[in-house]
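Worksheet: the structure to be examined is printed underneath.
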Amino acid sequence: MSRTRPPFLDGLIASLPIVLGYFPIAFSFGVAATRSGFTAAEAVALSLIIFAGASQFLALALLTSGAPVLVSAFTLIAMNLRHILYGPALMREAGREAGTRHAWAWAFGLTDEVFGQALGALARGQRFSEPYMFGLGLGAYASWVLGTLAGAVAGGGALDGWPALGAGLGFMLPALFLALLLSILSRRQLPVIAVAGAVTVAATLAISATSGILLGMLAGALAGLVRR
């Protein structure tokens, strides 16, 4: 998306804020996985295959509590259904001329934060580029996997001497996504965000966190359609 650098390199550079947020969270996941009895290879495999922060911590809780594998799998799928809409939403903002030849590959990296960063780039007038998406996604993915590896190698007791740090790590991903959201916020979007946020909070309190995410997403999408 830049005239002076290759788009792939632009994407890698744009991923740096995500890298700084992902690595410590992935490190804590690696520590938690080994503490739960997983080997370092198994912990890294979870990050390689699932690549979803909150879902991986949930997977640890489900698997260590003895939940059936199928129940765990369907729970994780339900929790991440929102990602299905990220690609179409991004393409809508990019316009009809945007190439999607390799979307099957770079779409794997569309986490909440990668989606927010890509959407912010489009909102600032940059043109959509698949190499940019590969760079953006690769930077985030590599930091998550390497962070998991570092935490798994460090072992289950790595954060025992730093309780405040361990507690603070849980706030880094929400804070990162909030910062990305604020970077593309406009007055026109406020009602849609307010509706989505209100429904998410209400459904989370009344039903569950997974239901809150899904219902909030649907409410926000419907509110956006009404405003158009």
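Taking each heavy atom of Gly21 and Ile25 in turn, the nearest pair found is O-CG1, 3.3 Å. Considering all non-hydrogen atoms of both residues, Thr148 and Ser47 come closest at OG1-OG, 2.6 Å.
Classified by interplanar angle (parallel below 30°, tilted 30° to 60°, perpendicular above 60°), the ring pair Phe51/Tyr22 is perpendicular. Between Tyr86 and His83, the angle of the ring planes goes over 60°, which puts this pair in the perpendicular group of the 30/60° scheme.
By the neighbour-count criterion of 12 heavy atoms within 6.0 Å, atom CZ of Phe74 is sparsely surrounded, having that number or fewer from other residues, nucleotides or ligands.
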| Stepwise side-chain contact (heavy atoms from CB on, under 4.5 Å) check, Leu76 with Gln56 | CA-CA 8 Å; Leu76 297 182; Gln56 290 183 216; over 6 Å; no
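Distance check, rounded to the nearest 0.5 Å: OG of Ser15 to CD of Gln117 gives 8.5 Å. To the nearest 0.5 angstrom, Leu136 atom CG is 10.5 Å from Phe8 atom CZ. To the nearest 0.5 Å, the span separating OG1 on Thr200 from CG on Leu215 amounts to 8.0 Å. Between Leu60 atom CG and Glu42 atom CD the span is 10.5 Å, to the nearest 0.5 Å. Here the straight-line distance linking atom CD1 of Ile18 with atom CG of Asp112 works out to 10.0 Å at 0.5 Å rounding. Summarising the geometry, atom CZ belonging to Arg127 is positioned 11.0 Å from atom CG belonging to Leu122; distances are rounded to the nearest 0.5 Å.
By the criterion of side-chain heavy atoms lying less than 4.5 angstrom apart, applied directly or through intervening Ile, Leu, Val, Met, Phe, Trp or Tyr residues, Val114 is grouped together with Leu48 in one hydrophobic cluster. Hydrophobic cluster membership differs between Leu16 and Trp144, with clusters built from Ile, Leu, Val, Met, Phe, Trp and Tyr side chains linked at under 4.5 angstrom. Hydrophobic clustering keeps Val19 apart from Leu9 (ILVMFWY residues linked when any side-chain heavy atoms are closer than 4.5 Å, directly or through intermediates). Residues Ile77 and Leu218 share a single hydrophobic cluster, defined by chaining ILVMFWY side chains whose heavy atoms lie under 4.5 Å apart. Residues Phe23 and Val44 do not share a hydrophobic cluster, clusters being chains of Ile/Leu/Val/Met/Phe/Trp/Tyr side chains in contact below 4.5 Å.
No side-chain heavy atom of Gln126 sits under 4.5 Å from any side-chain heavy atom of Asp10. His102 places a side-chain heavy atom less than 4.5 Å from the side chain of Phe134.
Formation of a donor-acceptor pair under 3.5 Å by the Ser143 side chain with backbone atoms of Ala140 is found in this model. The main-chain N or O of Val31 is found under 3.5 Å from a side-chain atom of Thr34 such that the two form a donor-acceptor pair.
A centroid separation of less than 6.0 Å is found between the aromatic rings of Tyr141 and Phe108.
Leu90 pairs in a side chain to side chain contact (heavy atoms under 4.5 Å, CB included) with only one of the listed residues (Leu85, Leu119, Thr100), which is Leu119.
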